[in-house]
Amino acid sequence: MIFALVDCNNFYASCERVFNPGIVGRPVLVLSNNDGCVIARSQEAKDLGIKMGVPVFEVRAIIARHKIAVYSSNYALYGDMSNRVMKVLFRFTPSMEVYSIDEAFLDLSGFTTRDISQYARDIRRTVGRWTGIPVSIGIGPTKTLAKLAGNAAKKIPAMGGVAALFDPDHQRDALGATEVEDIWGIGRRHGRMLKAHGIHTALDLAGQPDPWVRSKMGVVGLRLVHELRGESCLDLETQPKDKKSCRVSRSFAKGVTRREDLQSAVASFAERASEKLREAGLVAGAVTVFLHTNGFRTDQPQYRNATTLVLDPATNHGSAVIGAAMDGIEKIYRTGFSYKKAGVMMEGLSRASGTQLSLLAPKTHQSTDAMKAFDAINRRFGSGTIRHGATMLGNNWRMAQQHRSPRYTTCWEELATVR
DNA sequence: TCTGGGGTCCTAGGACCC
DNA sequence: TCTGGGGTCCTAGGACCC
């Protein structure tokens, strides 16, 4: 097998730049929902030492001093740009796995290792020209080595955005130059554990005996080590699998105390969650509602709770899901707390077409036609045009989004204008 | 003052079955 | 003191990913 990993560079920041060339060459930050944390940085912002995930208030001074361009996250834009990139990639191979919003694995088996780098350069140039998004490409005999090559392609400018790892000597060098915590699949905990055992580089790790790896890091770790050695254990998953769970949750801009506000927030989350299920053709067998106070505010009384309601029969119907979520919030809401976050989780998902009929549950009168009309109206006139009443009980819970760019590619009212 | 959101898989232990 | 053997299913928690 020959795997290529295509990775969009600084994806969200790059998306903002496509429509705003004035920020090319300037440091750019994209913030999490609620404008709380930094979740994407242009290279210039990384060079200023701004770390992934830091709270914005900790870097305010740097932002002001360097006139950094700051954006709230705009998922409508990023999701659409991602689709465009993936569409271009699909022209280069019939066999690919969309791994995340900004990454895809391509199967390039059938190429010789000699001309494969040239092909990758073609891919890179085409994506750049057609979408405006810069990408790096790593190539190797396993997914993990392709990932590793991708890091090199990104870090070493001389590579021209493409790196391949087939030659055993090259592999050895690359593994030796990679810190364990930079390996795909090694997180903070295992990184610390390995260093405590004197294992510092990917090369060190690849040299550990199997039983030791198995006992310290389970079967997942064992697979990873074999992949580092060049033995492919992770297949390309070309067919996206059905989701097993689906969640919608938000932090609130200000603490929420009133029951109506919380009900309205949770009803909105449930409404959105049921929409997502319908888009995916799934139904849920249960919904979990949770809420909690702000854990950072140790000066305030803390409370967190969750409850799960069975949906019988399994459903993706808006009113049914919202109804259950309202029962849930009724169960766990307590007065006297300032809530920071709430959400719903849809669980026990299955295909809507093969729904199990219930023996005991009463007949429902949930109209799928009504939901089809609901979705059609929102598709045509914009999401939120028609809503369930329960979502409008209170309105004091919206998240902060002060710097959102226009939805240039998905909303007629927000098209880019040329003056 | 201000701290995101959405996923997956594995493991260990408990409850239960015959 | 000593207390079978072999399963399945569920759950909570851990670890990781982007």
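Numbers restart at 1 for each chain; the letters A, B, ... are given by sequence-line order, proteins then strands.
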### Message
Heavy atoms only, 4.0 Å cut-off, all strands: where does A:Ser245 land among base, sugar-phosphate and nothing?
### Response
sugar-phosphate
### Message
Need one value for A:Ile183: base, sugar-phosphate or nothing, where a base atom within 4.0 Å counts as base even if backbone is also close, heavy atoms only.
### Response
sugar-phosphate
### Task
Using a 4.0 Å heavy-atom cut-off across all strands, classify A:Arg192 as base, sugar-phosphate, or nothing.
nothing
### Query
So which one's nearest nucleotide on DNA chain B is more toward 5', A:Arg214 or A:Gly53?
A:Gly53
### Query
Under 4.0 angstrom, heavy atoms only, what part of the nucleic acid is A:Asn294 near: base, sugar-phosphate, or nothing?
sugar-phosphate
### Steps toward side chain to side chain donor-acceptor pair (under 3.5 Å) verdict (A:Ser245, A:Glu347)
CA-CA 5 Å; A:Ser245 68; A:Glu347 291 150 332; over 6 Å; no
### Task
If B:dC18 has a Watson-Crick or G-U wobble mate with both distances under 3.5 Å, name it; if not, just say none.
C:dG5
### Message
Within the 4.0 Å heavy-atom criterion, would you say A:Glu103 contacts the bases, only the backbone, or no part of the nucleic acid?
### Response
sugar-phosphate
## Note on the structure
With a 4.0 Å cut-off (strictly under) to non-hydrogen atoms of chain A, the first and last hit nts on DNA chain C, 5' to 3', are C:dA15 to C:dC18
### Query
Roughly how far apart, to the nearest Å, are C:dC18 and B:dT3 at atom P?
25 Å
### Query
About how many Å separate CG of A:Asp102 and CE of A:Met81, when rounded to the nearest 0.5 Å?
12.5 Å
### Message
What's A:Ile186 touching, base or sugar-phosphate or nothing? Going by heavy atoms closer than 4.0 Å.
### Response
sugar-phosphate
### Query
When you measure from the side chain of A:Ser264 to the backbone N and O of A:Gly394, does any donor-acceptor pair fall under 3.5 Å?
yes
### Query
What about A:Phe269 and A:Trp397, are their ring centers closer than 6.0 Å?
yes
#### Entry: Given DNA chain B, 5'-ward residue of the pair A:Val220 and A:Val248, judged by closest heavy atom
A:Val248
### Task
Assert yes or no for the condition that the ring centre distance of A:Phe92 to A:Tyr119 is strictly below 6.0 Å.
yes
### Query
Can a donor-acceptor pair be found between the side chains of A:Glu16 and A:Tyr78 at a distance below 3.5 Å?
yes
### Task
Give one of base, sugar-phosphate or nothing for A:Lys276, where a contact means two heavy atoms less than 4.0 Å apart.
sugar-phosphate
### Task
Run the ring-centre check on A:His292 versus A:Phe337 and record whether the distance is less than 6.0 Å.
no
